[in-house]
Amino acid sequence: MKRIICKNYDEVSLLGAEILAKQIHKNPQSILGLATGSTPVGMYKKLVEMHKKNGLDFSQITTFNLDEYYPIKKSSDQSYDFFMRDNLFSHVNIKPENIHLPNGESANPEEECIAYEQMLAESGGVDIQVLGIGVNGHIGFNEPEDELKLATHLTNLTPSTIEANARFFKNIKDVPTKALTMGIGTIMKSKSILLLITGGNKAPVVKKLFSGVVTTDVPASFLHLHPDVTVLLDEAAVTAENR
Ligand code: GLP
């Protein structure tokens with residue numbers, strides 16, 4: 001794991017956007033794995049700026065998002081589908097047919113997961129997967145459990161994740177209790193990974209992540225086994241002992 005400590009959120013966002021832009025320049029037909037949550041919002045803003053000011057071209061880019069609540073309507077402003085349109089897709093020249101998210105409206109979530117995994121495989125695989133991390137160490141919606149699932153699956157959200165995500169909903173009771181998520185194996189198949197971690201509330205999980213073990217208690221710790229992971233952290237997320 002390559003660790004880069006940036007001064008603040010803005011620096012993480014800029015560097016993250018530069019890494020993705022470099023990938024897009026290197027291969028204009030890149031397959032990007034994308035994430036939601038507050039952390040990548042600044043990075044998406046910078047990418048939109050790069051598109052508008054410098055013509056960063058998304059016309060041949062394909063995207064696969066990590067996860068989606070289940071069940072949820074795409075039109076709901078809490079859906080990840082809405083989030084991605086709002087923060088990135090509506091502002092760049094990506095083709096709608098090249099955008100993929102697990103379908104939170106599917107009547108058959110198990111079939112949806114199999115189809116999503118197959119589409120990913122047929123695409124040739126993700127070139128760079130963006131990740132955030134939950135305060136409990138989850139990536140996508142792979143929550144701490146005795147066993148982690150390899151493939152895309154329907155999962156139950158833990159009370160801590162429901163609580164953490166309640167800020168996006170009117171009432172905690174409105175937070176879906178399930179989600180469709182790429183599995184740990186799906187994520188590990190990406191050719192490279194960009195993990196963004198910002199804010200003091202992530203300092204405890206950063207400490208666990210860099211404690212020198214791999215454990216299903218901290219699903220992100222499996223990333224230590226991947227050969228090409230870059231972690232961008234801001235100073236707030238890194239305590240003195242972790243430097
Ligand atoms: C959400 C998403 C994750 C995200 C994480 C952290 O539940 N499923 O993909 O990385 O929580 O979110 P945030 O960046 O808002 O802290």
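We count residues from 1, following the sequence as given. Every number for a ligand or one of its atoms is a count from 1 in the order of the listing.
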How does A35 reach ligand 1, by side chain, by backbone, by both or by neither, if only non-hydrogen atoms under 4.0 Å count?
neither
Close aromatic pair by centroid cut-off 6.0 Å: Y69 and F169:
yes
Any N or O of H138 that comes nearer than 3.5 Å to an N or O of ligand 1?
yes
With a cut-off of 4.0 Å, which atoms of ligand 1 are near a heavy atom of N165?
1 (C), 7 (O)
Regarding atom 6 (C) of ligand 1: of the candidates T39, L34, I133, which has the closest heavy atom?
I133
So, K189 and E117, do they make that salt bridge, N to O below 4.0 Å?
yes
Applying the side-chain contact (heavy atoms from CB on, under 4.5 Å) test to T63, which of L88, I99, N98 qualifies?
I99
Which ligand 1 atoms does G132 reach within 4.0 Å, using its non-hydrogen atoms?
10 (O)
So the atoms of ligand 1 within less than 4.0 Å of a heavy atom of Y80 turn out to be 1 (C), 2 (C), 7 (O), 8 (N)
Atom CD1 in I184, atom NE2 in H153: separation rounded to 0.5 Å?
8.5 Å
Do T161 and H138 come within less than 4.5 Å of each other through their side chains, counting heavy atoms only?
yes
What protein heavy atom sits nearest atom 12 (O) of ligand 1, and how far away is it?
G37 CA, 3.9 Å
Is R167 touching ligand 1 with its side chain, its backbone, both, or neither, if touching means heavy atoms under 4.0 Å apart?
side chain
Among D67, L195, I139, which residue places a heavy atom closest to atom 8 (N) of ligand 1?
D67
Suppose we measure from atom 4 (C) of ligand 1 to each protein heavy atom; which comes out shortest, and what is that distance?
T36 O, 4.0 Å
Quick one: does G140 get within less than 4.0 Å of ligand 1, heavy atoms only?
yes
Flag for S76-S79: side-chain donor and acceptor within less than 3.5 Å
no
Donor-acceptor under 3.5 Å (S221 side chain, V218 main chain):
yes
E143 and N136 side chains, donor-acceptor separation under 3.5 Å
yes
Do me a favour and list the nearest non-hydrogen protein atom to atom 16 (O) of ligand 1 with residue, atom name and distance?
K202 NZ, 2.6 Å
Tell me the contacting part of Y69 for ligand 1: side chain, backbone, both, or neither, using a 4.0 Å heavy-atom threshold, strictly below.
neither
State, with a plain yes or no, whether a side-chain heavy atom of F64 is found less than 4.5 Å away from one of T62.
yes
